[in-house]
Structures are given as structure tokens and as C-alpha cells.
Number of protein chains: 2
Amino acid sequence: MSLVSIMEKSTCSCENCQLRSLFFSHVSMDELNNICDIKIEKQYSKGESITNEGERIHEFLYMKEGLVKLSKTDIDGKDQILSFSKPFDFVSLLSVFSSDKYKYSVTAIEDTTVCILDLEVVKKFAQQNAMFTMDLMSSISEATDKILLDNLAIKRKHLKGRIAHVLLYFSDYIYKKDEFELPISRREIAEYIGMTTENVIRTLSEFRKDNIIKIFGKDILIADKKRLRSISEFG
Amino acid sequence: MSLVSIMEKSTCSCENCQLRSLFFSHVSMDELNNICDIKIEKQYSKGESITNEGERIHEFLYMKEGLVKLSKTDIDGKDQILSFSKPFDFVSLLSVFSSDKYKYSVTAIEDTTVCILDLEVVKKFAQQNAMFTMDLMSSISEATDKILLDNLAIKRKHLKGRIAHVLLYFSDYIYKKDEFELPISRREIAEYIGMTTENVIRTLSEFRKDNIIKIFGKDILIADKKRLRSISEFG
DNA sequence: ATTATGCTGTGATAATTATCATAAACCCCT
DNA sequence: AGGGGTTTATGATAATTATCACAGCATAAT
């Protein structure tokens, strides 16, 4: 490795980060460098826990890369999945400014890179830079709205429509491909749509028998998207 | 009416407003007076529409008094109720900073008083006063979190548990009494919990037959709260 | 007053979903 | 390579919820 590349690694590269536009667009270069100097980038492998419900919030974090799930465990130990998030759909921020404890757990469902800032530093910064705070608020608001709308959409559908919804979500929104590897188990789909694991499996099998999808374990190929969309809307 | 009381009416009274603490605690007296001078207080009768899904957002509004429902109409014209809000549980703010159009409708389900500020003025103000913006963000975040948590709680319950949940919500959280007038119809309960109107009615009748509640039209008396709580948790 | 409309209420039946049981396939661990 | 656990899978049956049908009642509109 050349000296140059070592130096590049040790200096901050935030100015080129695609996420800059999200809430750093009204932050000056100097300020950005200050933030950058204290940020830590952390990698999580698929399956690893990023934050845990109930834990104290010390950090402000945002996703740079990857895919995560937001979930909550009820008294019986059963999990409910609130949403999935990719970069630009925010994560940690939900309760960050209204609670001192995480109300949801965040878990990587694909290898994920997270940028970590000390929460107190961010808060102090936010108190001094209103434009930054407004951008942050817009992001939070948009992300939360997305979750609420998605939950409403799922709520008004039956089992088949919900499964179709989830498949289309990953196909259209996350992977932008008709063939993809499901990043979650059938049980997690169930936890997300509020139905039982057996019925998720059964419905997927049914879609397979009807030649709407092909299944190879976790690999899904959507063969008849038109039909799947119609099921998602009316089924 | 004496001259004094007329003057009191014509001058701003925001400094005594109980909502001041919400997001005006870091606003100076001078600034507050400026805001106060431009604010309009508006009354809505039970049933009146406050904002409509799809309409352009021109105003920043917050509830001073009353009770409202947040709802969304789907393609078939069927309504879904997202949440109910009283003062301190925010309302208009949800999409205000991330969209130029309302994503939900807000309707008074009890006589409601709303304070209205021009959105551009509030935005400009927010850009200059970071502490105000942070307080605002906390409020939005808290209110939205409440909605998400409530929706999750409902999602994991069956019909009876959901009805019990709604009754306890109004009894414990809104009216803080065991006897109250339901501010919404059976159909609206159904729209909120995602079940049919018939089943809502049937379940209420069942609760009545089991001496858990008494029903006089819209008036509900919770006779056995312990039992209702147990149904809400486990039923 | 009178129709119209919507809300409340109940029953019978159909559709949907959950539960329980069982088994093969897969992954992890040592 | 061989348990031990989890995931996927399928079937039978039970429980839950929706749909349809109908009726009384209240309220609003004309």
C-alpha cells in the first residue's frame, strides 16, 4: 500500500459521502471536518445487532451502507418488525431526540456500515446550527412517514396481499431486480406482516405453484410481476 | 364586559399558554410576542375537518384544546384511522417539514381549538433559532413514536384485545374516567383497529353481556377494568 | 310529517387465519 | 462426520374474522 493511500484512509472523506446531502448540506466545510474527525465508521455483519431496545442512547448513528431491520420484542419474547431501512431511510434517529433509551432494536440483515457520532456532540451542534437541525428534522419526518404509510398499506391487505407487498418491496425498492436473495427468514416476514410463519411459507408455496414466483431457498425470482402487483393491491 | 377584559382579549396571551413548554420554551419573550401577534386561533366543532389529505400545507398548526383523529382514505374510499391526538400529542407536524402536501386528514372528534401560524414564518424562525427547532423535533419525534408504539400494540392483539385496548385508551389516557362518551362511532373504532364494524359492535355487546362494560348508546361505563386490562393484554 | 341515510345491533354462513403435528433440509458446532 | 437446533414445508383441524342479510332507531333534509 502506498503512502498516499494510507493518508487517504486516515483523513476524513466525508466531503464525498453520498449521505452528505441528507443533513450536512447546510454544514460548512470546516464544521464538516470537525464532525468527520470524531466520527467512527463501524461494520456489522449480517445478523449482528446494532442497537438494542432499552439500552441507553449514547450515540447518533446513520447508515452508510447495508440493510437493517427495526424491531421490538413484546412481553412474551415475540418479535415484531416495524420496518426495514437502507441508507437514506433513517434509523437511529427515531427516538434519539425524544428519549434517552432506544425503543426499538436495530439489526443488520445485510452487511452494514454505520457512521457513529457522539450524541452529545451532535446535539450541541444542532443547538447552534438551525439549518442542520431542520434538515435533520425533515429526514426524520420523511423516514417516519414512510414507516407509517407502509404499515397502513399492510394493515388493509389480507395475507396474500401482504406477502405480495413484501416481495414487491424488496424487488422494487431495495434490490431493483426481479431476482434477489431474501435477506430475511420466513419467520421475519411473518413478524413484519403480523401473520404466522406457516402461513407465510404456505402462501409463498402457493405463489410458486401459480407460477408467480420461483423459489430456490432464499432466492426469489418474480416471474409474473403484473399478477403480484394485482394481488398486492386487491388480494 | 369591562375594558380590561376586552384588552386582555385583544392582546396576546401566549405567555400563559400551557403549550408554551412544548416548543416555545427556548423562545424569548420578544420572539414569542412576535409569533403571538400573527397567530390565529380557530375553533372546530365536532365532526369538522381541519386538514385534508392531499391539500397543500400553508400553515403550521397545533392543538390547544380538544380531540382529533388522523386518517387516510384508500383508493376504494375506505378510511383508515392512524391515531387520535389531544393537545401535547402533536398533529399537523407530521409531514410539515418533509412534504408540501398533507398525507393525512385531521378531523375534530370533539370541539377543538387550533392555533395557526403561517408555515413560512415558522420555518424562517426555525432556521434562526436552533433550540426552538430542537424542541420541535423532540415533540414530533415523541408524538410519532407514540403512534408507532400504539399501532404495534394493536397489531399483536386479537379482536377482543383490540377493542379492550381502545376502551382503555379513552378511559385511561383521554378522559381519565371510567365513564365517558365515546367520541367516535363503532365504524371509526373499526377503521382504527382494522376490523369490521359488525365485529366491533358484536364485541362491545359481548363485553356488556359479560358485565365488563355498560353501554348507553355512545356512553360507556367500564365496570370491570381489571378484566378489561387482562383482555387487552392477553386476549 | 316523511323519506332518506347512516348508525347500531344480531344471526347465519363463508372465508380467512391460527394452531398443532410431523418431517425433510439446512446450518452450526466440535 | 454426526448430533442439535433452526428453518422450510405440508396437512388436518380449530379458531377467528368477514360477509351478507335484515331490522330498529336516530338524525338530517325537504
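Naming convention: chains lettered A, B, ... in sequence-line order (proteins, then strands); numbering from 1 in each chain. All values reported here derive from a predicted model rather than from experimental measurement.
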> Could you check whether any side-chain heavy atom of N151(A) comes within less than 4.5 Å of a side-chain heavy atom of N151(B), counting everything from C-beta outward?
no

> Is there a side-chain contact between D89(A) and K86(A) (heavy atoms, below 4.5 Å)?
yes

> Is there a donor-acceptor contact under 3.5 Å from the side chain of R162(A) to the main chain of I193(A)?
yes

> May I have the distance from I163(A) (atom CD1) to dT8(D) (atom P), rounded to whole angstrom?
12 Å

> Output the rounded distance in Å from CD (E191(B)) to C1' (dT8(C)).
15 Å

> So, does K218(A) get its side chain near the phosphate of dT8(D), meaning an N or O under 4.0 Å from OP1 or OP2?
yes

> Strictly below 4.0 Å, heavy-atom distances to any atom of DNA chain D: list the hits from residues 222-230 of chain A, or just say none.
none

> I would like to know whether L117(A) and Y62(A) meet side-chain contact (heavy atoms from CB on, under 4.5 Å); could you show each step before the answer?
CA-CA 9 Å; L117(A) 295 172; Y62(A) 57 96; 4.3 Å; yes

> Measure up the F180(A) and Y175(A) rings against each other and bin them: parallel (under 30°), tilted (30 to 60°), perpendicular (over 60°).
parallel

> When every nucleotide of nucleotides 9-20 of chain C is labelled 5' to 3' by its protein contacts under 4.0 Å (heavy atoms), B for base, S for sugar-phosphate only, - for none, what sequence of letters results?
BBBB----SBBB

> Salt bridge check: are R187(A) and E191(A) linked by an N-O gap of less than 4.0 Å?
yes

> Do NZ/NE/NH1/NH2 and the carboxylate oxygens of D172(A) and R229(A) come within less than 4.0 Å?
yes

> So, do V96(A) and I57(A) sit near enough that their side-chain heavy atoms are less than 4.5 Å apart?
yes

> Rounded to whole Å, how long is the line connecting atom CZ of F216(B) with atom C1' of dT8(C)?
16 Å

